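Only heavy atoms go into these numbers, but all of them, side chains included; no hydrogens, no water, no symmetry mates. Since the structure is predicted, the reported quantities are computational estimates derived from the model, not experimental observations.
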Amino acid sequence: VTILRIPQVKVLFKNQNILTDFIQKSWQKIHRWWFMFRLIPYFRQATIVQVHDVFWWILPMWWLIPSPVYMTFHGYERELGPTLKQQRWHQIAAALTDGSLGIGGFHTKWYGVEPTLVSYGAVSTQDMESSSQEVTDNRVHIVFIGRLAHLTGAQQLIDAVAQLSESDRLHLRVSIYGGGDSLEEMRERVAFDHLPITLFGFQPDARNTLQAADIVCVSQYLAILEALVVGKPIVSFAGSDFKEAVLTTTPYKDALTITRSVSELKRYLETAIQKNNVQQPSKEIVDWAKKQTWRSMTDMYYTLWKSTQG
């Protein structure tokens with residue numbers, strides 16, 4: 001089996017010494033299409049072409065590819081839900097390909113496409129289960145992993161902690177892992193309000209801290225799987241109806257405490273601090289999460305490719 005991975009093609013902006021992967025204007029697509037046309041001989045030799053998210057890369061030469069073309073719809077572009085343009089691109093890709101794998105169960109309603117198969121991500125479980133940290137602090141420890149951006153839950157978690165009573169804050173510590181434009185602003189807020197929160201920025205090994213957490217605050221599929229593998233209670237923030245659908249159209253929806261506002265998140269923290277009944281994932285869900293390996297993801301792709309081969 002020969003696998004050709006098409007690299008990201010940098011675009012150089014005029015009058016600016018800036019290289020970027022992000023296409024901001026339609027005319028910049030021509031640069032990438034020019035590169036893709038040079039790869040037509042590889043496409044024509046391929047047994048299978050697997051496209052991830054950006055179908056427009058191959059759209060002009062799609063009709064020159066004799067082999068089956070498959071699509072992976074990885075996630076979503078906006079926390080508030082897709083725009084009409086984003087829905088149309090998904091629908092075009094679904095119509096012009098031989099099958100698709102959707103990451104998440106929300107694509108049918110929110111994008112108007114029906115994936116051939118649905119997955120909820122994959123995780124390497126061996127190092128997750130073996131990683132552990134010594135716990136010497138009696139405070140409730142909450143770990144947040146995710147982007148520090150609008151409606152991802154980080155800012156809402158900080159706001160919720162800020163609204164707690166001083167006595168409750170003494171029994172809580174929060175570790176936030178993730179990068180984003182809001183990082184420095186959040187650090188200033190935490191320092192100014194003397195909150196029991198530490199912002200570590202982006203850390204590639206952040207998941208190794210999950211074993212030492214009492215509660216994990218995550219809203220993305222990969223991070224949720226990692227938290228389930230180690231059997232931790234999960235609180236997720238959904239800042240829109242769309243994000244709530246992303247979380248509730250999953251096999252593990254019953255293992256999540258989904259909050260829609262800062263006040264709901266605050267009440268959850270108060271419950272956790274008082275050692276009341278915080279929802280725990282069931283053994284069945286934890287066992288299911290441990291089966292979501294990269295090997296199982298590979299098998300799913302083989303199933304996708306064979307599904308239309310007769």
Side-chain angles (χ1 to χ4, degrees), residues 1-11 21-78 81-122 220-222 225 242 245-246 249-251 292-310:
V1 177
T2 300
I3 298 176
L4 172 65
R5 183 184 184 277
I6 299 174
Q8 284 280 46
V9 185
K10 302 287 186 178
V11 175
D21 294 325
F22 185 66
I23 302 299
Q24 294 177 311
K25 299 179 181 178
S26 296
W27 66 264
Q28 292 164 0
K29 293 181 179 179
I30 297 174
H31 181 280
R32 195 149 300 181
W33 282 333
W34 173 80
F35 175 82
M36 297 297 291
F37 269 109
R38 295 163 60 191
L39 299 177
I40 287 178
Y42 293 100
F43 285 122
R44 295 185 65 82
Q45 295 175 30
T47 304
I48 289 171
V49 174
Q50 179 69 52
V51 182
H52 292 264
D53 284 329
V54 282
F55 184 76
W56 66 261
W57 278 30
I58 67 166
L59 185 59
M61 70 285 299
W62 162 81
W63 60 281
L64 295 172
I65 302 174
S67 56
V69 179
Y70 298 92
M71 187 73 192
T72 299
F73 298 111
H74 275 283
Y76 51 90
E77 299 85 352
R78 301 169 67 246
T83 64
L84 183 60
K85 180 179 180 181
Q86 290 161 350
Q87 291 174 336
R88 291 291 179 263
W89 271 116
H90 275 65
Q91 292 163 10
I92 290 171
L96 298 182
T97 53
D98 296 276
S100 63
L101 175 66
I103 306 300
F106 55 89
H107 293 87
T108 302
K109 177 179 179 180
W110 290 89
Y111 283 93
V113 299
E114 186 76 46
T116 309
L117 297 174
V118 175
S119 171
Y120 297 90
Q220 301 296 320
Y221 284 160
L222 176 58
L225 274 182
F242 168 72
V246 169
T249 54
T250 62
Q292 308 311 303
T293 64
W294 292 109
R295 177 70 256 181
S296 67
M297 176 70 79
T298 301
D299 292 341
M300 185 169 285
Y301 271 107
Y302 280 123
T303 300
L304 172 66
W305 298 333
K306 292 177 180 177
S307 66
T308 58
Q309 298 302 306

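No donor-acceptor pair closer than 3.5 Å links the side chain of Q292 to the backbone N or O of Y120. Of the possible polar contacts, one joining the D98 side chain to the V69 backbone as a donor-acceptor pair under 3.5 Å is found. A donor-acceptor pair is defined here as one N or O able to donate and one able to accept, closer than 3.5 Å; such a pair exists between the side chain of S119 and the backbone of G121. Under a 3.5 Å cut-off, the side chain of T108 and the backbone N or O of E114 do not form any donor-acceptor pair. The backbone N or O of L59 lies less than 3.5 Å from no partner atom in the side chain of W33, so there is not a single donor-acceptor pair.
Taking all atoms of both residues into account, the shortest heavy-atom contact from G104 to V118 is O-CG1, 3.4 Å.
Not less than 6.0 angstrom separates the ring centroid of W89 from the ring centroid of F55.
Ring-plane geometry between F106 and Y111 is classed as tilted, the angle between the planes lying from 30 to 60 degrees on a 0 to 90 degree scale. Ring geometry for Y301 versus W305: interplanar angle of 30 to 60°, hence tilted. Relative orientation of the H90 and F73 rings is parallel, given thresholds of 30° and 60° on the angle between their planes.
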Subject >> Criterion side-chain contact (heavy atoms from CB on, under 4.5 Å) on S67 and I48, from CA distance to verdict >> reply: CA-CA 6 Å; S67 56; I48 289 171; 5.9 Å; no
Subject >> Residue pair Y221, I103: steps toward the side-chain contact (heavy atoms from CB on, under 4.5 Å) verdict >> reply: CA-CA 9 Å; Y221 284 160; I103 306 300; 3.9 Å; yes
Original post:
Passes side-chain contact (heavy atoms from CB on, under 4.5 Å), L64 versus F43? Steps please.
Top reply: CA-CA 8 Å; L64 295 172; F43 285 122; over 6 Å; no
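Residues satisfying the side-chain contact (heavy atoms from CB on, under 4.5 Å) test with T116, not counting sequence neighbours, are S100, L304, S307.
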